[in-house]
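Notes to accompany the following structure.
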Amino acid sequence: MFNYIYPVIANQVCFPFYLSGAGIASPEYHVIRESGLVSHQILFTLDGKGILNIDNKPFIMAKVS
């Protein structure tokens, strides 16, 4: 299942923070971003668990009760 939303960015850039996109991918596939991203990401887990690797450091992603 894939669902993505990318709003049109206009006056939002004058705010301290704003949503530039939202989405879900199940399963989530391996991605390598050599140059990183131009914005921050918030990741959360609705169900189950997985491992997020950042700079070869594993972080367990799991649903919080």
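Ile42 belongs to no hydrophobic cluster, as no Ile, Leu, Val, Met, Phe, Trp or Tyr side chain comes under 4.5 Å of its own. Cluster partners of Ile54, using a side-chain heavy-atom cutoff of under 4.5 Å among ILVMFWY residues and allowing indirect links, are Leu43, Leu52, Phe59, Met61.
With sequence neighbours excluded, no residue forms a side chain to side chain contact (heavy atoms under 4.5 Å, CB included) with Asn56.
Summarising the geometry of Ile51 relative to Pro58, their closest heavy-atom pair is CG2-CB, 3.7 Å, with the distance given to 0.1 Å.
Atom OG1 of residue Thr45 and atom NZ of residue Lys63 lie 10.5 Å apart, to the nearest 0.5 angstrom.
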